[in-house]
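Notes follow once the structure below has been shown.
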Amino acid sequence: MNRRCDRLDKNGILSLIFVCKCCCLRIRTSIQHHQSNDQADILIPAVCSKLVVDQKFLIRAITEKKPYVSREKKFKEAIDTLCQQKRLKEAIQILDLLDRSRTCPTAAIYSALLQLCLQQRALEDGRKVHAHFKVSGFVPGIFISNRLLDLYSKCESLADARKLFDEMTERDLCSWNTMISGYAKAGQLEEARLLFEGVPGKDNFSWSTMISAYVRHDQPHEALELYRRMQKEEKLQCNKFTVSSALAASAAVPCLKLGKEIHGHIMRTGLASDAVVWSALSDMYGKCGSVEEARHVFDKMLDRDIVAWTTMVGRYFESGRRKEGFELFSELLRSGIRPNGFTFAGILNACSADAAEDTGKQVHAYMTRIGFDPFSFAASALVHMYSKCGNIDSARRVFEGMPQPDLVSWTSMISGYAQNGQPEEAIRYFELLLRSGTKPDHIAFVGVLSACTHAGLVDKGLEYFHSINEIHGLKHTADHYACIIDLLSRRGRFQEAEGIIDKMPMKPDRFLWASLLGGCRIHGKLRLAKRAAEALFEIEPENAATYVTLANIYATAGMWDEVAKVRKIMDNRGVVKKPGSSWIKIKRDVHVFLVGDKSHPKTKEIYEFLEKLSKRIKEEGYVPDTNFVLHDVEEEQKEQNLSHHSEKLAVAFGVISTPPGTLIKVFKNLRTCVDCHTAIKFMSKIVGREIIVRDSNRFHHFKDGSCSCGDFW
DNA sequence: TTAGGGTTAG
């Protein structure tokens, strides 16, 4: 064998290793004797990795009679190899072998093991290593203790960390700082602060950890105060960490003045070369409402890393400057810098908000091309985007490709199905979620409750509602109450609804009252409508929708005096009804329509077609529903108003501008009205098209004369 | 051996 190795070149030996595991040890010895150093450097790790393929080889490697190295060294080598390959479980098992061979692990062995535990956040394995100290009589030094401390605090096992910390006979700044950062991460700010105050000779690290802790837990003023104290008390030279945490604090307050002060400091001290400091700076300007300044800083950055790009793109979206956001994203793609999960999540989220499925699809294609992590939140952002765009089938395809869907993706699916008129599927997914072992949170419950509402499954909904605290031990939120009131009042179960409202532990919010008011509109419940509206007037007197709904309820009951009164209050308070508008994208152009809009170049064709269509749908049985018109005008006039609602104009334009059979997708800024809903159902049948209307609340898929929402919206 | 910036669900 030795001679054979001698004759073989590097590749030959490598192939030999893979063919014959048993020879590994001998091969290794041979390499040591016969190969040049640089070749041995490559070959030895390869042999070692083969050596520890299983326990048998390991034992043989270690207990071999004529070892060419010491036992400790062999153990260390084996553990190093396992750690390199991230095979934690097997590495931990070596501790048993050590015991059996009565070998005392060295600090280096423990250190390597703990590092791997840290990487994999393996708390239990870390505990095993810790427990092994006692067995082997090992007394850890500061280095090992700190590592263990870090592991415990990163795994949020603070009791363990604190016990160890208190037991340590010697501590350095790192021990203190690690402990503080553990408390800070877990949100135990008071504990962190107490410890922080006790740190002898605080360094930059201590200060920046504490400042960031306050920022992260929504106490930006405390963070700023601490930064000021640091400047006053300590003679410390600010470093990139303290500066960026102080910038984050100014961004969170927000305090542009201090931010600018720090900016000046950065320019004077040369901290500007750090990518994170630059990013924090542009982040600060963005959050202090100065996107222009943020862009200015961004443009001046020498090394713009992906985080800087992501931040800047996000800044544009956040401030409603979507076009510039998308433009900068295209620039990023051209720059050759590879976007990451955060970038994709940000851009996909913007697509979801706009229901810009075309862009979202392009991003998806790009992600697929460069490869994305199906475990990441970029994947869940994709699910969210498709479901928000009403393309629940694509959402499901992405979802099914995820090895382990996270709660966000589950919730996106549940809400997506609920919003797109498939409440049974929503409920099925919720049940699957329960079985998957992922714990639902309050938002997942909002999803399933709204599904029950749309399916009209009152009792099922009540069952879920009660299970929230009875089975899942979660507290009911105001949202849950709003959902359950929506569920009950849509079905006319007002007595139960009122009973719940009067007994609920928190003040009903605007969503709850708005749901109740909506239910009252369906069932013509005057007294309760008044109660809901009055509550809403108090919470949000500027919201025109409340006045309009209340007036409509009175109008339906023929109580025109009351209608007039509501209108008068509305005028007195200066509340203006938000104009309804609908838009449709044909090829690359977006066409926007208002009520009775005549500004479109194709107005003549649109109105003529709509006229023809109105006749046809009336023949099919459509009766204009004039109840829901605010003004007390003549019937014929009402009909006129109705037939030129923005969504009807957009649908009509869609039909005449696209080839037969094309899907029509219309967006509306407000909820669609009852009459349009009925009319579009008929239209879908007459023109033989699938029509999707996304209103401010949900998706309506119209097909063959019916709508996916089952007339609940 | 300790740390800072970006992201998703109604």
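Letters go in sequence order (proteins before strands), and every chain restarts at 1.
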Original post:
Tell me, which pairs form a ring pair (Phe, Tyr, Trp, His ring centres under 6.0 Å) where one or both residues lie in residues 400-422 of chain A, sequence neighbours left out?
Top reply: A:Phe399-A:Trp410, A:Tyr417-A:Tyr429
Subject >> For atom CZ of A:Phe344 and atom P of B:dT8, their distance in whole Å >> reply: 15 Å
Original post:
Given atom CE of A:Met385 and atom P of B:dA9, what is their separation to the nearest angstrom?
Top reply: 13 Å
Original post:
Base, sugar-phosphate alone, or nothing: which one does A:Ser450 contact when heavy atoms must sit under 4.0 Å apart?
Top reply: nothing
**OP:** Could you tell me the separation between the CG atom of A:Leu407 and the P atom of B:dA9, rounded to a whole number of Å?
**Re:** 12 Å
Original post:
Which residues pass the ring-ring contact (aromatic ring centres under 6.0 Å, His included) test with A:Phe445, sequence neighbours left out?
Top reply: A:Phe430, A:His472
Original post:
Reckon A:His384 has a side-chain N or O less than 4.0 Å from the OP1 or OP2 of B:dT8?
Top reply: no
**OP:** Can you sort out the partners of A:Tyr386 under ring-ring contact (aromatic ring centres under 6.0 Å, His included), two or more places apart, ordered by chain and number?
**Re:** A:His364
Subject >> Any residue meeting salt bridge (charged side-chain N to carboxylate O under 4.0 Å, His left out) with A:Asp203, in chain and number order, not counting sequence neighbours >> reply: none
Original post:
Taking side chain as C-beta onward, heavy atoms only, is A:Pro140 less than 4.5 Å from A:Leu148?
Top reply: no
**OP:** Using a 4.0 Å heavy-atom cut-off, write out nucleotides 1-6 of chain B from 5' to 3' as B (base contacted by protein), S (sugar-phosphate only) or - (no contact).
**Re:** BBBBBB
Original post:
Of all residues at least two apart in sequence or in a different chain, which pass the ring-ring contact (aromatic ring centres under 6.0 Å, His included) check with A:Tyr285?
Top reply: A:His263
Original post:
For A:Lys439 and B:dA9, what is the distance between atoms NZ and C1' respectively, to the nearest whole Å?
Top reply: 19 Å
